[in-house]
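For reference, the structure discussed in these notes is given below.
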Amino acid sequence: MQHLTPEQIARYASRSGDVDEIIGVAQHFEVCAGCRDRAAAILDPGTGEVSHVRKERRVSGARPALAAMSRRAQTNVAAFVMWVVAVAAVVALLMYVLLRR
Ligand SMILES: [Zn+2]
């Protein structure tokens, strides 16, 4: 089996090769993990770690979502407390004004 050249992979990625070549490259990727890896390295140099991290994030997606929800809940509590304090201040001011008359 003849493996892909970096030029073929680049043309495939930019869709600048002819159709037959693009199809041939795609078919080669299907059967050749080595060229898939080389293509990933060529097209996304130094991001092998990133794709790994992305995969892990996807697997443990519920946990950050829960953390974000609890963060949002805390924000809501803070906003509610602020609102209560503001209302209490307005009520106290009204009482002060009314009682002073
Ligand atoms: Zn190959």
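Note that ligands are numbered from 1 as they come in the structure, with each ligand's atoms numbered from 1 the same way.
- Listed by first then second residue, pairs satisfying ring-ring contact (aromatic ring centres under 6.0 Å, His included) with a partner in residues 8-41 read His3-His28, Tyr12-Phe29, not counting sequence neighbours.
- Remark: Gln8 CD to Arg38 CZ distance equals 9.0 Å, nearest 0.5 Å.
- Transitive grouping of hydrophobic side chains (ILVMFWY, heavy atoms separated by less than 4.5 Å) keeps Met82 and Val90 in distinct clusters.
- Side-chain atoms of Val81 and Val85, non-hydrogen and from C-beta on, do get closer than 4.5 Å to each other.
- At a threshold of 4.5 Å between side-chain heavy atoms, the hydrophobic network of Ile, Leu, Val, Met, Phe, Trp and Tyr places Val87 and Val84 in one connected group.
- Take a cut-off of 2.8 Å around the Zn ion (ligand 1): the protein N, O or S atoms inside it are His3 ND1, His28 NE2, Cys32 SG, Cys35 SG.
- Rounding to the nearest 0.5 Å places CD of Glu30 at 13.0 Å from SG of Cys35.
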